[in-house]
Amino acid sequence: MTQDTAPITEDSHLYLIDASGYIFRAFHALPPLTRPSDGLPVGAVQGFCNMLWKLLEELKGDDRPTHFACIFDKGSYTFRNDLYPDYKAQRPPPPEDLVPQFPLIRQAAIAFGTPALEMEGYEADDLIATYARQAEEKGARVTIVSSDKDLMQLVSDKITLLDTMKNKRLSFEEVEAKFGVGPDKVIDVQSLAGDSVDNVPGAPGIGVKTAATLINEYGDVLSLLERAEEIKQPKRRQTLIDHADQIRVSRDLVTLKCDVPIEAPLETLKVRDPDPATLIEFLEGMEFRTITRRVRETFEAEGDLPDPVESEGVDHDQYETVTTEAQLAEWISRIRKTGYVAVDTETDALDAVSSNLVGISLSTNVNEACYIPVGHVSVSEGELNLSNDEKPEQLGLDKVITALKPVLEDAEILKIGQNFKYDLAVFSRYGITVAPYDDTMLLSFCLHAGMHGHGMDELSERFLSHTPIAFKEVCGTGKSQISFDRVELDKATRYAAEDADVTLRLWKLFKPLLAKQKVTRVYERIERALPAVISRMELEGVKVDRDALSRMSSDFSQRMAGYEAEAHELAGKDFNLGSPKQLGEILFGDMGLPGGKKTKTGAWSTDASALEELAAAGHDLPRTIINWRTLSKLKSTYADALQEAINKKTGRVHTSYSLSAAQTGRLSSTDPNLQNIPIRTEEGRKIRNAFIAEPGNVLVSADYSQIELRLLAHIADIDALKNAFRDGLDIHAMTASEMFGMPIEGMDPMVRRQAKAINFGIIYGISAYGLSNQLGIPQGEARDYIKAYFEKFPGIRKYMDDTKEFAKEHAFVQTIYGRKCWVQGIKAKNAAQRSFAERQAINAPIQGSAADIIKRAMINMPGALEEAGLKGRMLLQVHDELIFECPEAEADTLISTVRRVMEKATEPALQLSVPLVVDARAADNWADAH
DNA sequence: TAAGTCACG
DNA sequence: GACGTACGTGACTTAT
């Protein structure tokens, strides 16, 4: 595992556990407890474990630790004994029942994954002081878990003490109450008052009260000693004069050292999750039943991730660079013998559409991997360079392709890739249709969607405890980045072969888990087929009208300039309209408008809804800003960016779909995102007009009507809804009619709109607040609507309760294809966090099932089009919509084929209890087809 | 790199 | 009754 660290910043919160102090306190405060099997005293250990668990698991928000350490005393001899031999001399030896618990508590700290720190010659308090001050200097918060008065001198506005037994934080007030002075004078009071427990002498006859009075009058103890002559009470004066040296020594004794030469730097104290197996083993060994159960539940609730496998370490030196035909033949025969092979391609650019193959890596076993360079050039290629480095020795591209094609297309040989969609696209451009294949990214996605990311580096870290060589280590970064064809073969081999090696290791780990986790169906019937289908769509791309976009861009620019001038005029000064910060200062500062919402960082909210409100109150500037923002968004994100995205080679725009980004199983679209092309406003729809078909062709858009509500009806099994869909009713009107008891005929559009908002709200895991916001009505009214809804559709409430219950028990929810969506935080103590998880749990089966269905349709589509003898191709997916391009003449046939495939997407394997309905239309641009 | 905003289903 | 919220995404801009 990598030694992960985290720098200390203002947002950090360091917890320092005064472990040695805790032991004594717990021993006396808690009832004695012995281990059932052998009577070993373990009371303090149990208290300690409970405390750590509570601190690490249950604290949220600001109080949540980001850095954490347990600090121990080491030995009994410290530098203070050199100052004063009697320091702590009269302490009785620790109780017999406590002695065996010291080492156990150290073990406990380690089992919890926290550093257990100590240092010869210093007390725990000195280490705590040193760490606390260092963190304070960086602006971090510090919590010292202790109630030891000796630590009170450290309290500041950043540093507090936490007494976990009384669950009380000690800050200025408490310190003042105890010592009669602030934290900065605690040392002075202590050096006068002394301490009988620690055997600090102080000044005889002077207690805390007197000391505080003196210090408050004289400032500090050293000044007091200097001016001792001025003291009026003769006895007190004499005491101070006689014992000045002793008081000075006392001062040194009570002053905590803030400059201990610590060994573990602050940033290494980063909080990390305990290793479940280690922790549970320790707790079980202690025979602590309750906390063992709690810990186990927590880890199991988070979904038991397989432990990182204990496998052979990655050895880059075992990788082979294949540059001869003999070597290549040897690898091919090895693959045929194994029956499977991990494959990875390296190219000279990131996009699969136009990049060239540079090399191929293969792996058939752990540490058994090779790299076959086919397109490497000299390191200085393309530069004016007089050094005589030559193009490296390598096999010709054609030779390698010809040799590998039969293997890659062999139905008996399984090809294994990570994010294989990319490699499929590359190979397809060299005439190879790779099949069959497995994709480790998708295996991971089926097993663990919602738990973590599924990129190779993260998976390798998580499951193999190995950090692969970073791409930027090989190719550099930023301006000096080179393309992979210029990497020297040695380096390229280590990097590329490692990718194949890691992919194979992940496959060996994940593949058997599919059945165990019961996600074989969603993998085999859905995910596995997608890379091939989607890689084809990506390669197709879509045509956009560059000139139209360019004209729009100019038009937007001009009008933006108008709004900008207007805004500056209204504001009375120039400012950057794109800066929410500056805008907030002008609206709510200069102009003194009433600010509504705040953002989570405390800044005034200037989003559209806030500006709308101000505009409605009769202010002009907000409206101007809204207008400017609309145009600015359209210009930069669409009109300009889409032109940039036109591929030089194909003249079309090729998005990239991410198959494992959305936890519900939806696809997402990037570079550019073609799933958020404007449609809701007139102005925005112009952008959609620029998505066009080739001459003689049309675009066809086919979208599922109300698919999520239909799925809600099916999944929650609501007869009224199912019947409404079977009867082809307007579902929102029907909902309104049921709720408010009015006829559908002649319904007020506003009433229907409210019902529509409620229907959407249901799918999102409704809340009164959310609904009131959406409809602009008071929360109470929203609450009444929801109540009315649930009275009319009690089955929906039952579905929601059952789903939450299921999620709480299993930590995941499922779609109709058995896709698991893991939900984190469903058991959180924090209500907001828990509610969020509950809404996710309610939404995920619906959104996820819809995603499953359209994916099934997409998988069936190419075959259906071909069977129907159609030339049309599938270009885009937008969650419930598919976009095709086809010759004008075949539009009608294509529409009926597409509609059939989409409406019957679940059959015959799965029969829904509601009909799926697809609307489809053809036009020469996307706006009109939709 | 984070925060704020806004485009979509 | 108080929490602080509608579910799921990605891109662009400003500010640090």
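Residue numbers start from 1 in every chain, and the chains themselves are labelled A, B, ... in the order their sequence lines are given, proteins ahead of strands.
Screening residues 580-591 of chain A for side-chain hydrogen bond (donor to acceptor under 3.5 Å, both in side chains) gives Lys573(A)-Asp590(A) as the qualifying pairs, with residues at least two apart or on separate chains.
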- Message: With side chain to side chain contact (heavy atoms under 4.5 Å, CB included) as the criterion, how do Arg856(A) and Ile526(A) come out once you've worked through the C-alpha distance, each side chain's angles and the decisive distance to 0.1 Å?
- Response: CA-CA 6 Å; Arg856(A) 280 295 313 157; Ile526(A) 300 184; 4.0 Å; yes

- Does the side chain to side chain contact (heavy atoms under 4.5 Å, CB included) test come out yes or no for Trp926(A) and Glu881(A), once each step is laid out? CA-CA 12 Å; Trp926(A) 189 4; Glu881(A) 175 189 12; 3.0 Å; yes

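Side chain of Thr606(A) to main chain of Gly584(A): no donor-acceptor pair is present (N/O by atom type, distance under 3.5 Å, no hydrogens or angles).
Within 4.0 Å of Gln847(A), counting heavy atoms only, lies at least one base atom of the nucleic acid. The residue Leu771(A) sits close to a base: some heavy atom pair falls under 4.0 Å. Nucleic acid contact for Ala757(A): base, since at least one base atom lies under 4.0 Å from a heavy atom of the residue. Residue Arg629(A) is classed as a sugar-phosphate contact, given heavy-atom separations below 4.0 Å to backbone atoms only. Using a 4.0 Å heavy-atom cutoff across all strands shown, Ile766(A) reaches at least one base atom of the nucleic acid. Residue-level contact check: Ala844(A) touches neither bases nor backbone, having no heavy atom under 4.0 Å from any strand.
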Show me the donor-acceptor pairs within less than 3.5 Å that the side chains of residues 773-783 of chain A make with the rest of the protein, sequence neighbours left out.
from      : atom 1 : to        : atom 2 : distance (Å)
Gln779(A) : OE1    : Arg783(A) : NH2    : 3.3

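Contacts with DNA chain C (heavy atom under 4.0 Å) in residues 783-790 of chain A: none are found.
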- Letter per nucleotide, 5' to 3', of nucleotides 9-16 of chain C [B base touched, S only sugar-phosphate touched, - untouched; heavy atoms, 4.0 Å]: SBBSSSSS

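With sequence neighbours left out, Asp620(A) forms a side chain to side chain contact (heavy atoms under 4.5 Å, CB included) with Leu570(A). For the salt bridge (Lys or Arg N to Asp or Glu O under 4.0 Å) test, no residue two or more places apart in sequence or in another chain qualifies with Lys633(A). By the side chain to side chain contact (heavy atoms under 4.5 Å, CB included) test, Asn647(A) is found to be paired with Asp351(A), Val353(A), Ser354(A), Lys649(A), Thr650(A), His654(A), residues two or more places apart in sequence or in another chain being considered. Residues meeting the side chain to side chain contact (heavy atoms under 4.5 Å, CB included) test with Lys798(A), sequence neighbours left out: Asp802(A). Scored by the side chain to side chain contact (heavy atoms under 4.5 Å, CB included) test, Ser554(A) finds no partners at all (sequence neighbours excluded).
Where DNA chain C pairs in unbroken runs of 3 or more (Watson-Crick or G-U, both distances under 3.5 Å), the stems are B:1-9 with C:7-15.
Counting only heavy atoms from C-beta outward, the side chains of Phe445(A) and Arg819(A) approach each other to under 4.5 Å. Taking the side chain as every heavy atom from C-beta outward, Met552(A) and Leu634(A) never approach each other to under 4.5 Å. By the 4.5 Å heavy-atom criterion applied to side chains, Phe793(A) and Ile762(A) are not counted as neighbours.
If you measure from atom CZ of Phe760(A) to atom C1' of dA6(C), you get 12 Å, rounded to the nearest angstrom. The distance between atom CG of Leu711(A) and atom C1' of dC7(C), rounded to the nearest whole Å, is 14 Å.
Note that Lys635(A) lies outside the cation-pi zone of Phe556(A), set by a 6.0 Å cut-off to the ring centre and a 45° limit from the axis. Relative to the six-membered ring of Trp604(A), Lys598(A) meets both conditions, a distance below 6.0 Å and an angle of at most 45° to the axis.
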Between the protein and nucleotides 2-4 of chain C, are there any N/O to N/O pairs under 3.5 Å, and if so, what are the atom names and distances?
none

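When DNA chain B is scanned 5' to 3' for any atom under 4.0 Å from a heavy atom of chain A, the first and last hits are dA3(B) to dG9(B).
Comparing the P positions of dC6(B) and dG4(C) gives a spacing of 24 Å, expressed to the nearest Å. Between the P atoms of dG4(B) and dT5(C), the separation comes to 12 Å (whole Å).
To the nearest 0.5 angstrom, Glu564(A) atom CD is 5.5 Å from Leu577(A) atom CG.
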